[in-house]
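Working notes, structure below.
Atom set for the values below is all heavy atoms of this structure, side chains included, hydrogens, waters and symmetry mates excluded.
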Amino acid sequence: MTATRAQLDAWEALLTPLFDQKVLSPLDYRFALTLGRLAPEPPSDEVILGAAAASAALTRGDICLELSRAQTLLIPVEEDASLSVRLTFPEPALWKRALEASPLVSDGSVRAPLVLQGDRLYLHRYFDYQQRLARALLARKAKAFELDPVRLGERLDRLFASASPDPSQRHAAEIAVRRGLSIISGGPGTGKTSTVVRILGALLEDNPELRAVLVAPTGKAAARLAESIRTQRASLDLAPAIAAKIPEEASTIHRRLGYRFLSPTRFTHDAKNPLPADVVILDEASMVDLATMTKLVEAVPPRARLIMLGDKDQLASVAAGHVLGDIAEAAGPERPLAESFALLTRSHRFSAESGIGALARAIQAGRADEVLAILAAGSADVTWHDHDEATLERIAVEGLAPLSAPATLASPRLALDALPAFQILCAHRRGRWGAERIADEVTRWLAVHGKVPRGELWYPGRPVIVVVNDHAQNLWNGDTGVTLRDADGVLRVHFPRPSDDPTGAPSRALSIAQLPSHQPYYAATIHKAQGSGFRHVVAVLPAEPSPVVTRELLYTAVTRAQSKVTLFAPEAVIRHAVTTRVERASGLGAALSRAAR
């Protein structure tokens with residue numbers, strides 16, 4: 001018996017308040033109604049609400065909906081939206097019983113649209129990703145490589161002798177060469193890339209025919225990985241012929257796996273057609289969502305090593321999942337991945353006197369009083385301002401010189417190199433202190449001071465950030481470029497050349513008509529800046545505490561800065577951020593523990 005018109009109307013009445021309050025997206029709303037309409041037997045209101053809420057949880061980055069925390073987890077889709085009425089959900093025990101009684105819900109042992117395990121409600125696809133990833137990680141962790149311990153020790157001693165003495169780096173390298181899975185976590189400047197290039201050197205000395213693949217979540221992160229490895233390998237104590245075999249080409253995960261235009265959720269390389277590689281190195285692992293990580297791990301050949309690099313304290317991926325964070329938790333004492341995890345803690349970028357380093361460590365540790373004391377004291381590399389009537393003007397003036405610099409540089413390479421000198425990063429996209437408003441203010445000030453032409457949308461020096469993935473153009477969400485006038489007088493947007501581009505050109509230029517969806521890059525959200533580094537960062541938090549403003553977000557903003565950070569935020573918002581952790585609903589840790597038993 002299909003749903004009657006009266007039942008459909010009742011479900012719409014149930015979901016419409018959540019939709020109006022921006023708790024449900026149009027997709028969440030339609031998914032639940034369609035599920036009810038297609039069900040052989042009309043489901044209860046609790047099942048319809050559960051389906052909508054589980055879908056909405058994915059929008060916020062959760063893998064599942066925790067029934068007992070629905071009230072706090074389901075915030076508006078727009079980060080600056082507010083609720084005008086209090087949301088109410090069924091009592092968790094009653095909600096759970098209603099879900100368990102529905103044929104649309106299973107415990108995971110049989111296929112059904114929704115999966116309920118304990119307090120967690122999943123869409124089946126994401127439950128499946130979670131189970132597959134847990135199995136794949138544990139299978140890879142169990143793989144061990146037998147190496148002569150004496151020769152390995154001598155090789156690692158020699159390769160790490162040229163680096164700043166740091167026992168944790170050598171320990172991480174030993175894990176990576178011995179095991180099928182290794183996870184190396186550390187903050188900026190702790191030597192993750194320095195360690196991995198020595199790992200590659202050690203492996204290539206053992207097997208000069210070793211096939212190594214370097215991947216990262218975005219084109220920008222891939223370019224930074226490739227550049228870092230090129231720089232690091234020159235300092236290694238290796239025979240020139242071996243050093244030359246260390247790869248200096250990196251690509252995005254999607255490109256390396258082989259994106260399919262007609263089936264975008266599947267790739268050319270998977271478990272049945274694995275990557276042609278003996279070692280796969282993934283950089284910026286914190287940015288990788290559950291679905292992508294599952295597909296990557298499954299595409300690594302069973303006899304190959306997988307090495308993940310990332311910062312477990314950074315923001316989680318934009319899409320659903322907190323995979324690196326979940327893996328780090330599963331690497332605790334007597335946990336399933338303990339033997340595969342290495343933590344680098346010594347920063348080689350920030351000295352003991354560095355204000356940025358001290359600030360990052362205090363944020364990381366959740367010490368709000370210490371964070372505020374460091375900000376109040378100030379230093380050569382840390383400045384703090386509260387919000388006032390002149391804040392927008394002050395932010396704009398800070399960026400006048402560095403943001404107008406690319407227009408004065410005729411060479412595309414020099415113009416692109418000038419982009420990382422300065423960046424305004426905001427917690428929110430919209431609102432008074434959001435990236436869109438501040439970008440408009442900066443543009444106005446640049447025009448007032450004659451740095452850009454008034455009233456023109458496109459002009460030399462205009463920075464651009466791509467906001468969608470465009471496989472045809474090989475541009476990815478977060479890639480940045482700069483507009484320049486060519487010799488023929490046409491404005492084109494120049495992007496860095498991918499490290500695996502065979503042309504050797506210093507950049508690649510696209511006409512404005514070729515660009516995928518994009519925005520001016522005078523200000524961006526902190527999420528967009530993951531995988532990037534800037535000499536001077538201006539970080540802007542909202543005037544009031546927000547669910548978006550967390551310890552991980554503030555830590556990510558501060559650690560994007562290499563030489564200076566200027567923070568605009570009230571004291572109460574800073575305190576809220578430092579004491580509020582990202583809490584993404586996930587069952588990956590539990591799945592790893594179950595699969596390990």
Side-chain angles (χ1 to χ4, degrees), residues 57 59-63 69 72-73 75 79 183 185-190 192 217-218 221 283-290 293 308-332 343-345 347 350 356-368 370-372 374-375 423 425-429 435 478 524-534 537 539-542 545-561 565 567 569 572-586 588-589:
T59 305
R60 287 151 190 80
D62 297 317
I63 296 174
R69 297 174 58 217
T72 55
L73 289 176
I75 60 173
E79 68 270 10
I183 306 103
S185 178
T190 53
K192 295 187 293 294
T218 67
D283 197 18
E284 297 292 350
S286 66
M287 298 173 63
V288 184
D289 61 273
L290 174 68
M293 186 70 85
M308 298 184 189
L309 310 176
D311 185 347
K312 67 180 179 62
D313 296 311
Q314 261 194 196
L315 279 169
S317 57
V318 174
H322 187 203
V323 179
L324 186 62
D326 289 338
I327 287 174
E329 288 187 9
L343 181 63
L344 308 182
T345 57
S347 176
F350 303 121
I356 296 175
L359 182 59
R361 288 190 295 273
I363 294 168
Q364 199 174 27
R367 297 191 292 263
E370 183 179 342
V371 168
L372 290 164
I374 293 169
L375 291 170
Q423 188 58 52
L425 300 178
C426 305
H428 288 172
R429 183 162 54 95
T525 62
I526 296 167
H527 273 92
K528 288 285 187 190
Q530 290 185 89
S532 302
F534 311 95
V537 165
V540 184
L541 304 187
S546 157
V548 174
V549 182
T550 61
R551 183 186 306 175
E552 290 82 359
L553 182 125
L554 182 56
Y555 171 81
T556 301
V558 167
T559 55
R560 296 313 89 204
V565 62
L567 177 63
V573 174
I574 296 170
R575 189 175 293 278
H576 166 83
V578 175
T579 56
T580 304
R581 299 294 307 270
V582 168
E583 292 187 34
R584 287 197 166 177
S586 166
L588 180 58

Distance in Å, Leu425 CG paired with Phe534 CZ, rounded so as to fall on 0.5 Å steps: 5.5 Å
Any Lys192 side-chain heavy atom under 4.5 Å of Glu284 side chain: no
Residues which pass side chain to side chain contact (heavy atoms under 4.5 Å, CB included) with Ala569, listed by chain and number, not counting sequence neighbours: Leu541, Leu567, Ile574
Lys312 backbone acceptor or donor facing Ser185 side chain under 3.5 Å: yes
Gap between atom CG of Leu554 and atom CD of Gln364 - 0.5 Å precision: 12.0 Å
Distance in Å, Arg361 CZ paired with Asp313 CG, rounded so as to fall on 0.5 Å steps: 13.0 Å
Side chain proximity check, Asp289 to Val323, heavy atoms < 4.5 angstrom: no
Distance (rounded to the nearest 0.5 Å) between Glu552 CD and His322 NE2: 6.0 Å
Sub-4.5 Å side-chain heavy-atom contact between Arg560 and Pro188: yes
Exercise: identify the closest heavy-atom pair between Ala557 and Val537: O-CG1, 3.8 Å
Nearest-0.5 Å distance that lies between atom CD1 in Ile526 and atom CZ in Arg429: 14.5 Å
Heavy-atom closest pair, residues Val288 and Pro217: CG2-CG, 3.8 Å
side-chain contact (heavy atoms from CB on, under 4.5 Å) assessment of Thr345 paired with Thr190: CA-CA 6 Å; Thr345 57; Thr190 53; 5.9 Å; no
Considering all heavy atoms, the nearest Ile374-Ala358 contact: CD1-O, 3.6 Å
Over all atoms of both residues, closest heavy-atom pair of Pro545 and His576: CB-CG, 3.7 Å
Sequence-distant partners of Ala285, side chain to side chain contact (heavy atoms under 4.5 Å, CB included), two or more places apart: Leu282, Met293, Met308, Leu324
Minimum side-chain heavy-atom gap His527-Leu553 below 4.5 Å: yes
Side-chain heavy-atom pair Thr525, Cys426 within 4.5 angstrom cut-off: no
Spacing of OG1 belonging to Thr579 relative to CD1 belonging to Ile363, to within rounding of 0.5 Å: 12.0 Å
Closest approach of Ala365 to Arg551 (non-hydrogen atoms, all atoms of both residues): C-NH1, 4.3 Å
